[in-house]
Amino acid sequence: MAVLGAAGRMGSTTVRAVESAPDLELVAALDASDDLAKVAAAGAQVAVDFTVPSVTEGNVHALVDAGVHAVVGTTGWDDAARARVRDHLADRPDVGVLIAPNFALGAVLTMAFAARAARWFESVEIVELHHPDKVDAPSGTALHTAHAVARARRAAGVEASPDATEQSLDGARGALVDDVRVHAVRLRGLTAHEEVLLGNPGEQLTIRHDSFDRVSFMPGVLLAVRQVGSRPGLTVGLEHLLDLA
Ligand SMILES: NC(=O)c1ccc[n+]([C@@H]2O[C@H](COP(=O)([O-])OP(=O)(O)OC[C@H]3O[C@@H](n4cnc5c(N)ncnc54)[C@H](O)[C@@H]3O)[C@@H](O)[C@H]2O)c1
Ligand SMILES: O=C(O)C1=N[C@H](C(=O)O)CCC1
């Protein structure tokens with residue numbers, strides 16, 4: 001196994017988790033100035049990428065070329081980038097890539113519960129709350145949640161949430177993602193948190209998940225590492241490994 005971004009917050013937590021797993025062996029731990037060729041040279045079958053949005057797609061293509069399965073937690077992926085990986089994998093049917101915006105079990109369940117509830121409420125908005133060192137907004141988890149919620153509402157013929165507000169300042173109502181409002185909070189002391197707010201006349205349902213510590217992501221990361229080799233092609237979201245898709 002190899003870890004990319006090994007000196008970072010998630011990478012270093014992953015290194016510790018792999019070192020504690022009796023069935024896994026860490027053969028390479030790379031950070032920014034390291035040559036990616038070291039991954040295959042060290043004999044890694046799977047690499048975990050927790051780097052930065054600007055480099056993660058390039059890493060994945062290089063891993064696919066080297067025949068190394070990839071588990072990707074780095075955010076910043078859009079449809080076009082995922083499509084490029086899918087196309088590339090068509091030439092390497094022996095390789096699996098799993099990209100998941102969130103490996104915490106509770107976060108994956110939050111997304112599944114929110115998608116299930118979405119059709120039954122007139123209004124839905126998402127608030128994601130993170131530590132202030134996070135480089136991207138909105139979070140990958142909030143984007144994935146918004147698309148899942150929007151898909152469920154479209155399939156049920158539910159209209160966009162009502163909103164008569166005229167913003168007097170740009171951004172006051174957050175970002176519109178697939179017709180769902182997403183708000184991003186950055187606050188010292190936070191780790192990774194998300195609330196899905198669902199409203200009807202006279203009632204509100206709030207689905208909230210809190211990752212207080214990065215160890216919360218590790219069972220999902222290790223599950224993906226163990227399964228990615230038997231899932232050729234591109235898998236997006238840990239829900240596919242948890243029977244929640
Ligand atoms: N999927 C999930 O469950 C999950 C959970 C937490 C964070 N994340 C995402 O993971 C990513 C990393 O988060 P973080 O908090 O660990 O960030 P971080 O800044 O602490 O770590 C990123 C690391 O990547 C390194 N890096 C940069 N370019 C590199 C390259 N070309 N090759 C190898 N390493 C390189 C940096 O030097 C740094 O050590 C972010 O996109 C974040 O949103 C995902
Ligand atoms: O700390 C971060 O950065 C996180 N990023 C992911 C996201 O953008 O959804 C997952 C939660 C933590």
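We use all heavy atoms of the structure for the numbers below, so side chains are in, but hydrogens, waters and symmetry mates are not. Order of listing sets the numbers, starting from 1, for every ligand and every atom in it.
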Any ion pair linking Arg84 and Asp87 (charged N to carboxylate O, less than 4.0 Å)? no
List ligand 2 atoms under 4.0 Å from Ser139, heavy atoms only on the residue side. 7 (C), 8 (O), 9 (O)
Pairs of nitrogen or oxygen atoms closer than 3.5 Å, one from Val52 and one from ligand 1: do any exist? no
Near Met10, which atoms of ligand 1 are under 4.0 Å from a heavy atom of that residue? 5 (C), 6 (C), 7 (C), 16 (O)
Once you restrict to heavy atoms under 4.0 Å, what part of Ala192 touches ligand 2? Side chain, backbone, both or neither. side chain
State the atoms of ligand 2, each with its element, that fall below the 4.0 Å cut-off from a heavy-atom position in Thr75. 6 (C), 7 (C), 8 (O)
Glu122 backbone acceptor or donor facing Arg153 side chain under 3.5 Å: yes
Do the charged groups of Arg154 and Glu159 touch, with an N to O distance under 4.0 Å? no
Using a plain distance cutoff, I'd like to know if Pro101 has any nitrogen or oxygen under 3.5 Å from a nitrogen or oxygen of ligand 1. yes
Can you list the ligand 1 atoms lying under 4.0 Å from a non-hydrogen atom of Lys134? 43 (O)
List the steps and the verdict of side chain to side chain contact (heavy atoms under 4.5 Å, CB included) for Leu129 and Arg208. CA-CA 11 Å; Leu129 311 92; Arg208 179 173 171 119; 4.3 Å; yes
I'd like to check whether Pro53 has a polar contact with ligand 1, where a contact means an N/O of the residue lying under 3.5 Å from an N/O of the ligand. no
N/O to N/O below 3.5 Å, does that happen between Gly11 and ligand 1? no
Suppose I only count heavy atoms of Gly140 and a 4.0 Å limit; which atoms of ligand 2 are within that range? 7 (C), 8 (O), 9 (O)
Taking distance alone, with N or O pairs closer than 3.5 Å, would you say Asp31 contacts ligand 1? yes
Considering the heavy atoms of Asn102, write down every atom of ligand 2 situated less than 4.0 Å from one of them. 10 (C), 11 (C)
Nearest option to atom 1 (O) of ligand 2, as decided by whichever heavy atom of His209, Glu128, His131 sits closest: His131
Once you restrict to heavy atoms under 4.0 Å, what part of Ser139 touches ligand 1? Side chain, backbone, both or neither. neither
Report yes if Lys134 has an N/O atom closer than 3.5 Å to an N/O atom of ligand 2; otherwise report no. yes
Test your reading of the structure: does Phe217 have an N or O sitting under 3.5 Å from an N or O of ligand 1? no
Should the ring pair Phe50 and Phe103 be called parallel, tilted or perpendicular, given that the plane angle runs from 0 to 90° and is split at 30 and 60? perpendicular
Please work out, at 4.0 Å between heavy atoms, whether the side chain, the backbone, both, or neither of Thr141 comes within that distance of ligand 2. both
Ligand 2 atoms nearer than 4.0 angstrom to some heavy atom of Pro101 are 6 (C), 7 (C), 9 (O), 10 (C)
Check whether any side-chain N or O of Ser216 sits under 3.5 Å from a backbone N or O of Asp213 as a donor-acceptor pair, and report yes or no. yes
Check contact between Gly140 and ligand 1, using heavy atoms of the residue and a distance below 4.0 angstrom. no
